[in-house]
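For reference, the structure is listed below as structure tokens.
In what follows, chains carry the letters A, B, and so on, assigned in the order in which the sequence lines appear, proteins first and then strands, with residues in each chain numbered from 1.
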2 protein chains.
Amino acid sequence: MAVGSGSAPPTGRPTRLPRSARRKQLLAAAQEVFVAQGYHAAAMDDIAERAGVSKPVLYQHFPGKLELYLALLDTHCDAIVAQVRSAMVGTSDNKERVKGAVQAYFDFVDHESEAFRLVFESDLRNEPAVRERVERVEKGCIAAITDTIISDTGVSRAHAELLASGLVGAAETAAQFWLAAGRKVPKADAEALLATLTWRGIASFPLQGESA
Amino acid sequence: MAVGSGSAPPTGRPTRLPRSARRKQLLAAAQEVFVAQGYHAAAMDDIAERAGVSKPVLYQHFPGKLELYLALLDTHCDAIVAQVRSAMVGTSDNKERVKGAVQAYFDFVDHESEAFRLVFESDLRNEPAVRERVERVEKGCIAAITDTIISDTGVSRAHAELLASGLVGAAETAAQFWLAAGRKVPKADAEALLATLTWRGIASFPLQGESA
DNA sequence: CTGCACGCCGATCTTGACCTCCACGGAATC
DNA sequence: GATTCCGTGGAGGTCAAGATCGGCGTGCAG
């Protein structure tokens with residue numbers, strides 16, 4: 001959208017650009033198209049046109065469609081995992097941890113570009129490279145929460161993983177639903193609601209341990 | 001796999017079949033391939049070969065690849081919604097309702113054919129017809145739970161929907177994770193664990209504010 | 001016994017999308 | 001101010017996959 005020296009006119013000056021800026025612009029255009037159309041429906045022609053350049057330029061920056069998609073994916077995969085991890089290590093108050101993790105999912109989904117669709121709604125999970133990334137995100141988030149659950153409750157790893165996956169699923173699905181429903185509920189309220197739901201669910205599990 | 005009169009030999013007599021049986025066999029073969037490979041990666045050749053017939057027969061039974069997929073999808077979409085609905089109306093004990101809904105998801109996922117992937121992991125959400133089906137499942141399950149939440153807690157519809165989406169997401173994600181992890185935990189234990197988690201989460205909502 | 005009808009298969013066509021080749025235009029240099 | 005160079009643009013090749021036509025063999029009616 002925002003190209004350094006204004007948007008590319010349909011026809012006129014071909015706007016020469018330094019390589020780095022061009023690449024960033026191509027990534028932005030690709031993200032818009034991939035998010036809007038999905039991987040398969042998105043054509044390289046569309047991406048090139050969206051960026052205001054021709055296809056060869058695209059292929060001078062990325063070897064192929066898959067690599068372009070993976071570059072985008074990698075950009076966002078780290079973000080959500082890092083946020084959840086940071087929510088875990090940022091405090092020792094478990095209630096705050098839950099709140100932080102829920103907020104991480106809502107922030108991720110609330111990002112204007114809707115880039116979360118690349119991760120949560122990818123139509124390329126069969127591709128091993130994509131599958132690996134997506135699973136790493138899910139596993140990473142679950143693992144972070146799992147460790148916290150284990151060390152604070154003492155339940156078995158298998159059970160802790162199941163609980164963690166449940167919490168992750170709640171946050172993820174609710175965040176997506178909140179967005180799909182048009183943000184009818186204020187973001188802070190939605191986050192608080194989900195945080196309360198998940199916190200009440202998990203809080204009593206420290207059986208004989210701390211009671212909040 | 002099991003064809004009425006034994007498996008189709010690689011070469012021999014081409015096993016003539018009545019139309020109805022042939023259709024069911026084609027649907028079964030298509031389901032296996034779609035589940036294993038996803039929609040895009042699945043080729044009509046693969047499906048035909050899996051069924052032991054040639055492509056023209058496939059097109060004599062279904063107008064195209066999309067219609068074949070939709071036929072499969074319709075078969076399974078109703079199942080999960082009906083199960084969740086039945087869990088809601090089958091009792092007035094909310095704890096049992098939660099247990100029943102969780103069990104519905106685990107049963108759905110535990111079905112041998114792994115047909116749940118057609119609904120939960122479809123790589124064709126861009127297709128409006130598919131999108132409509134999948135969203136109807138999600139919306140339907142959420143709606144069923146939402147109504148129960150509203151009538152038993154009195155929270156606003158928007159908030160109840162968010163809570164319901166959270167519960168649905170927890171059950172769905174946990175069930176899938178449980179399966180992906182290789183059923184390490186006995187099914188009944190996993191169901192009980194998730195039922196406890198979600199029940200504890202939702203149980204104290206009646207008459208309670210959100211800021212604990 | 002013989003002609004007929006029907007379901008099935010091998011081989012083919014076509015579309016559409018990813019990925020490269022020949023002409024043009026501005027910028028730096030002497 | 002002319003030349004050379006490099007990046008851009010439109011037109012085309014290739015290939016995979018969905019969709020389809022003439023031949024064949026089997027079982028049945030007459």
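A:S122 contributes no side-chain N or O that, together with a main-chain N or O of A:V119, makes up a donor-acceptor pair within less than 3.5 Å. The backbone N or O of B:H40 sits less than 3.5 Å from a side-chain atom of B:D123, completing a donor-acceptor pair. Judged purely by atom type and a 3.5 angstrom limit, B:T75 uses its side chain to pair as donor or acceptor with the backbone of B:A71.
A:A41 comes within 4.0 angstrom of nothing in the nucleic acid, heavy atoms only. A:A42 comes within 4.0 angstrom of sugar-phosphate atoms only, judged by non-hydrogen atoms across all strands, and of no base.
Heavy-atom nearest nucleotides on DNA chain C were determined for A:H40 and for A:P56, and the one closer to the 5' end corresponds to A:H40.
The aromatic rings of A:F120 and A:Y105 lie parallel to each other, with less than 30° between the two planes, well short of the 60° mark.
Within the 4.0 Å cut-off from OP1 or OP2 of D:dA19, at least one side-chain nitrogen or oxygen of B:Y59 is found. Between B:R22 and C:dC8, a side-chain N or O to OP1/OP2 separation shorter than 4.0 Å is present. Applying the 4.0 Å criterion to OP1 and OP2 of C:dC18, one finds that A:K65 has a side-chain N or O inside that range.
Atoms CG (B:D46) and P (D:dG18) sit 8 Å apart, rounded to a whole Å. The interatomic distance linking A:D45 (CG) with C:dC19 (P) rounds to 11 Å, in whole Å. Spacing between atom OH of A:Y39 and atom C1' of C:dC18 amounts to 9 Å, rounded to whole angstrom units. Atom-to-atom, CD of B:Q60 to C1' of C:dC6 comes out at 10 Å; the value is rounded to the nearest Å. One interatomic measurement links the two molecules: CG of A:L124 to C1' of C:dC18, which rounds to 14 Å at whole-angstrom precision. If you take CG of A:L58 and C1' of D:dG10, they are 15 Å apart, rounded to a whole angstrom. Spacing between atom CZ of A:R23 and atom C1' of D:dG7 amounts to 18 Å, rounded to whole angstrom units. Rounded to an integer number of Å, the gap from CZ of A:F62 to C1' of C:dC19 is 16 Å.
In this structure, B:K65 is positioned above the aromatic face of B:Y39, its NZ or CZ under 6.0 Å from the six-membered ring centre and within 45° of the axis.
Side-chain proximity of A:S54 to the nucleotides D:dG18, D:dG9, C:dG10 is greatest for D:dG9. With D:dG18, C:dC9, D:dG9 as the choices, the nucleotide that has an atom nearest any side-chain atom of B:V53 turns out to be C:dC9.
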